[in-house]
Amino acid sequence: MSASSSPPRPVVTRFAPSPTGFLHIGGARTALFNWLYARHFSGKFLLRIEDTDKVRSTKEAIDAILDGMRWLGLDWDGHEYYQSQFWSRHAEIAHRMLERGQAYRCYMTQEELAQQREAAQRDRRPFRIDSPWRDVGAEQGGKPFVIRLKAPREGETVIDDQVQGRVTVQNAEIDDFILLRSDGSPTYMLAVVVDDHDMGVTHVIRGDDHLNNAFRQLAIIRAMGWPEPTYAHVPLIHGPDGAKLSKRHGALGVDAYRDGLGMLPEAVGNYLLRLGWGHGDDEIISRDQAIEWFDLPQVGKSPSRFDFKKLENLNGHYIRNADDQRLADLVAQRSGLGPEQIELLVRAMPELKSRANTIKQLSESADFLFASRPIDIDDAAAALLTSDARSLLHAAQRNLGAIANWDAASLEAAIREVAEASGVKLGKLAQPLRAALTGRMTSPGIFDVLALLGRDESLGRIADQMEPRE
RNA sequence: GGCCCCAUCGUCUAGCGGUCUAGGACGCUGCCCUUUCACGGCAGAAACACGGGUUCGAGUCCCGUUGGGGUCACCA
């Protein structure tokens with residue numbers, strides 16, 4: 001075995017979303033990176049729902065997150081954990097730190113805190129809590145208190161972050177943050193550390209908005225004498241304007257990418273992977289290749305902007321390479337089509353899928369197949385149906401009607417014959433024909449349209465347009 | 001504002017001191033294919049933020065400037 005990057009402990013990563021909304025795109029990427037890292041090193045990928053905030057956490061959000069992860073193919077090992085189940089454990093640790101003198105009971109009121117904050121502001125110096133209770137051992141019976149970490153004030157803390165590199169912070173910057181609230185509930189800072197430790201998490205891969213928190217968390221870990229996890233803080237995904245992706249950018253849940261826009265999970269996964277990570281010039285990367293190639297050192301340090309166009313293009317690629325039946329089922333699901341229609345959809349799919357980048361577009365392009373006569377003709381298409389065009393349609397109608405076998409070859413021969421006989425280029429005939437058959441200016445090849453629609457429907461649609469429209 | 005992080009085409013990125021007159025992809029433009037629209041093919045415009053160092057040599061290392069971002073709760 002070489003002195004490779006293989007970690008000493010069996011890798012355990014986790015994704016720890018708070019269930020206050022859908023699985024957003026940034027969270028999905030964090031989950032993907034954690035999953036990939038664990039799979040790459042044959043480790044474990046755990047899922048922990050951070051439902052500490054009982055008010056904001058909902059069952060719907062939990063389901064949406066689990067659903068989104070399954071859709072993306074990010075399976076977690078074992079059952080999912082719920083942070084709220086470990087409250088007593090969190091409190092136990094806080095009290096142990098209290099006994100050891102690594103934490104203290106702070107009886108400061110909100111008002112006193114506000115006063116300190118104001119004073120700091122007035123003197124134009126950074127605010128850092130300075131509790132008079134830090135070195136008072138005795139309990140003040142009855143009065144409400146919080147348990148604060150007695151953070152080190154000397155020296156500095158260094159984190160060798162797998163993505164950010166070596167980051168150093170002066171310990172004086174770290175305040176005596178709260179471990180246990182006055183109602184006895186743990187804060188996030190305490191809960192993550194305890195849970196990660198108890199779950200045996202070796203690698204904490206998360207958004208770099210947590211980088212500052214890492215130093216606080218490390219203070220707890222060191223106080224407890226627990227093994228320190230390896231950190232990797234990946235840059236956040238930004239919106240087109242460069243600011244953190246948020247609701248105002250139309251930040252969507254993965255369910256919206258699936259249901260609303262009609263994205264394929266492999267496309268979203270591929271896009272997310274390439275956002276902030278690269279492997280040479282490779283763009284199309286399968287899941288297996290991703291597992292083989294993924295590692296933290298290649299993750300970029302600068303935030304990247306979400307590029308919808310690129311995602312769409314990637315999705316188009318995956319659509320073109322997707323199985324026709326699968327695509328047809330997806331379209332049917334979206335448009336509420338039945339078995340017979342799916343059959344037609346499958347036949348049409350080879351022609352349809354090169355023209356769509358999303359399932360949504362695919363559905364729309366398939367609409368003409370299921371329209372009932374007389375079909376709607378959009379304005380642009382209607383403009384094509386001039387009287388000259390109609391007489392051409394007449395001739396076409398005649399020739400098509402005489403065809404013995406309604407197959408592509410015969411269809412093409414019949415149409416070309418009409419164009420030649422009328423002395424017009426094929427396009428002159430094909431466009432009005434397209435308008436009559438699909439109601440649109442664009443569609444799959446006209447012979448394919450004819451073949452797909454079948455004799456009766458085709459002839460009928462043409463006939464519908466032969467009389468002048470009012 | 002304090003602290004922390006970042007900086008190659010519009011965007012995602014390759015580049016880990018010389019092979020860079022900087023490569024790929026999306027997007028954009030043109031051409032080809034063609035019954036439309038796509039797909040596909042070909043071609044093109046498009047970047048090392050700025051200033052100092054270090055070095056024989058810097059996109060690559062160091063410092064500063066500028067710009068951007070993150071974070072500063074009894075939220076997670």
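Chain naming here is simple, since letters A, B, ... match the order of the sequence lines and numbering starts at 1 in each.
Relative to the ring axis of A:Phe145, A:Arg105 places its NZ or CZ within 45° and under 6.0 Å from the centre. Relative to the six-membered ring of A:Tyr81, A:Arg48 misses at least one condition, a distance below 6.0 Å or an angle of at most 45° to the axis.
The side chain of A:Asp281 sits closest to B:A14 out of B:A14, B:C74, B:C26.
Between A:Phe308 and A:Tyr257, the ring planes are tilted. Angles from 30° to 60° get that label. Using cut-offs of 30° and 60° on the angle between ring planes, the pair A:Phe294 and A:Tyr37 is perpendicular. Between A:Tyr231 and A:His233, the two ring planes are parallel [angle under 30°; tilted spans 30° to 60°].
At the phosphate of B:C26, neither OP1 nor OP2 sits under 4.0 Å from any side-chain N or O atom of A:Lys309. The phosphate of B:U35 has OP1 or OP2 within less than 4.0 Å of a side-chain N or O from A:Arg416. Listed pair A:Arg320 / B:G40 meets the phosphate criterion, a side-chain N or O lying under 4.0 Å from OP1 or OP2. Side-chain N/O atoms of A:Asn213 include none lying less than 4.0 angstrom from OP1 or OP2 on B:U71. Contact check, A:Thr20 against B:A76: no side-chain N or O comes under 4.0 Å of OP1 or OP2.
For B:G67, the paired base is B:C6 (Watson-Crick or G-U wobble, both distances below 3.5 Å). Nucleotide B:C33 forms no Watson-Crick or G-U wobble pair with any nucleotide shown, as no partner meets the under 3.5 Å limit on both distances. Figure legend. B:G44 is base-paired to B:C28; pairs are counted as Watson-Crick or G-U wobble with both atom distances under 3.5 Å. The pairing partner recorded for B:C56 is B:G18, the criterion being a Watson-Crick or G-U wobble arrangement whose two distances lie under 3.5 angstrom.
Contact of A:Arg440 with B:U36 (side chain to base): no donor-acceptor pair of N or O atoms is detected under 3.5 Å. Put simply, the side chain of A:Ser354 and the base of B:A38 share a donor and an acceptor less than 3.5 Å apart.
Between A:Asp448 and A:Thr168, the residue whose closest nucleotide on RNA chain B is further toward the 5' end is A:Thr168. Toward the 5′ end of RNA chain B lies the nearest nucleotide of A:Gln164, the other residue of the pair A:Pro186 and A:Gln164 mapping further downstream.
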